[in-house]
Amino acid sequence: MSTAPLLRIEGLEVAFADGGRRIRALRGLDLSLAAGERLALLGESGSGKSTALFAIAGLLEPGAEVAGRIAFPALGRTPEAGRDLGLVFQDPFASLDPVLDVATQIAEPIRYHLGASWAAARAQAVVLLRRVGIARAEQRARDAPHRFSGGERQRIAIAAAIAAGPRLLLADEPTAALDTVTQAQILDLLDGLVREQRTALLLVTHDPAVAARIADRIAVLYAGRCVEAGPSARLLAAPRHPYSRALLAAALDLERPPPRPLPEIPGEPPDPTAELAGCPFAPRCAFAWATCRSERPAWIGEPGDGAACHLLRP
Ligand code: SF4
């Protein structure tokens with residue numbers, strides 16, 4: 001069995017033109033994901049986590065400047081959307097066609113990627129609707145998406161995303177628009193499905209409680225870079241980077257439901273158009289000293305378990 005990672009990202013940079021400005025969404029992102037692993041990209045709005053997911057999916061807007069490398073060593077080829085990559089968005093309408101019945105939308109990737117007949121694909125679609133918890137799946141398979149609740153639509157979008165058995169499921173804030181109870185149900189559903197299918201999951205979230213619930217590993221992004229990564233148990237119990245500590249202290253108490261809206265860390269993320277000297281978190285960091293403002297901190301630790309902070313230098 002291959003031990004090559006499913007996904008490897010090296011020095012990924014992405015910039016967009018916005019009027020006369022050049023927005024630097026990613027500034028040298030390094031990441032790796034093993035087959036079957038569940039990785040959460042965690043960070044505030046503007047940290048670059050959704051841009052990373054869209055870059056992996058090949059869905060960056062035309063004109064985006066991209067440098068660095070995205071590779072799928074375990075596949076040995078360019079992944080195909082639908083067959084190798086499944087996508088779940090915050091708004092299920094982003095992936096569901098409003099006029100087609102839901103069984104057709106789930107059956108389409110089964111027919112196209114797995115070569116099944118329409119009858120077999122539709123029968124499998126009903127099985128999947130049942131698996132994701134849609135009541136009376138056989139009858140409701142002929143309904144269009146608007147006839148379902150928000151939580152049901154997200155379940156259907158997940159069924160469509162996993163229908164062809166992708167190796168990697170990319171999920172962009174899949175529960176951010178849902179109430180707390182539905183959010184927990186959808187996360188448990190995702191968790192069960194990726195385990196059953198041995199699908200790797202890359203989940204983007206701004207909510208540490210979501211990452212804590214589902215991820216084997218967490219990568220914390222700030223200003224377009226990974227500032228800390230590690231096994232969830234280690235990172236949640238003993239975060240090493242001051243930004244991770246602030247993010248978790250503000251939002252994570254595993255004994256209680258998370259506060260809504262999530263508390264914010266004082267200060268602002270850096271200007272996305274600016275050149276950054278030193279540590280991008282320095283203006284908000286209680287531990288910053290002169291070196292932090294002039295030298296970019298190196299990664300300390302293992303590639304998948306460490307942090308970029310001068311405090312950690314031996
Ligand atoms: Fe804070 Fe300095 Fe570490 Fe950046 S490098 S997080 S400013 S201590």
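Not measured: the values here are computed from a predicted model. As the structure lists them, so they are numbered: ligands from 1, and atoms in each ligand from 1. All heavy atoms count here, side chains included; hydrogens, waters and symmetry mates do not.
Taking the six-membered ring for Trp and thresholds of 30 and 60 degrees, Tyr243 and Phe281 have ring planes more than 60 degrees apart, a perpendicular arrangement.
Applying the side-chain hydrogen bond (donor to acceptor under 3.5 Å, both in side chains) criterion to Asp271, with sequence neighbours excluded, gives Thr273. With sequence neighbours left out, Arg225 forms a side-chain hydrogen bond (donor to acceptor under 3.5 Å, both in side chains) with no residue at all.
Taken to the nearest 0.5 Å, the NE2 atom of His206 stands 9.5 Å off from the CG atom of Leu42.
Panel detail: atom 3 (Fe) of ligand 1 has protein N, O or S atoms under 2.8 Å away, 1 in number.
The pair Arg24-Glu275 counts as a salt bridge, with a side-chain nitrogen and a carboxylate oxygen less than 4.0 angstrom apart.
Side-chain contacts under 4.5 Å among hydrophobic residues (ILVMFWY), followed directly or transitively, place Ile300 together with Leu312.
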